[in-house]
Amino acid sequence: MLALVNRLGDRGLAVVLISHNLHDIFEVATRITVLRLGRVVGVYERAKTTQQEIVQAITAGVPTKVSGIAEAAEAPIP
């Protein structure tokens, strides 16, 4: 599968790969987006990050605020 992802990337095609296997991700990705609870924690350029930084984001990252969705503490009281 990783060989196919690399071949498609070499042809200029975008590939979305969803995985918890950081070894595979670091082998083929150019950009890594970390999600936590369905929200983006961060977007990292593979060449400028480490596996340790990605693990930190996965385990303790704070999701970014999604426009138009109120947090429970911010929601107006009816």
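Each residue takes its place number in the sequence, starting with 1.
With sequence neighbours excluded, the residues that form a side chain to side chain donor-acceptor pair (under 3.5 Å) with Glu53 are Thr49. Not a single side chain to side chain contact (heavy atoms under 4.5 Å, CB included) links Leu37 to another residue, sequence neighbours left out.
Between Val15 and the choices Asn6, Leu4, Val5, the side chain to side chain contact (heavy atoms under 4.5 Å, CB included) rule is met once, by Val5.
Listed by first then second residue, pairs satisfying side chain to side chain donor-acceptor pair (under 3.5 Å) with a partner in residues 24-35 read Asn21-Asp24, not counting sequence neighbours.
Residue Ile18 shares its hydrophobic cluster (ILVMFWY side chains chained together at separations under 4.5 Å) with Val16.
Looking only at side-chain heavy atoms (C-beta outward), Gln51 and Ile54 stay at 4.5 Å or farther from each other. Side-chain atoms of Met1 and Leu17, non-hydrogen and from C-beta on, do get closer than 4.5 Å to each other.
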Check: residues 40-48 side-chain donor-acceptor pairs under 3.5 Å, at least two apart:
| residue | atom | partner | partner atom | Å |
| --- | --- | --- | --- | --- |
| Arg46 | NE | Ala29 | O | 3.2 |
| Arg46 | NH1 | Phe26 | O | 3.4 |
| Arg46 | NH1 | Ala29 | O | 2.6 |

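Taking CG of Leu2 as the reference point, atom CZ of Arg7 lies at 11.0 Å (rounded to 0.5 Å).
Between Ser19 and Ile25, the shortest heavy-atom distance links the atoms CB-CD1, 3.8 Å.
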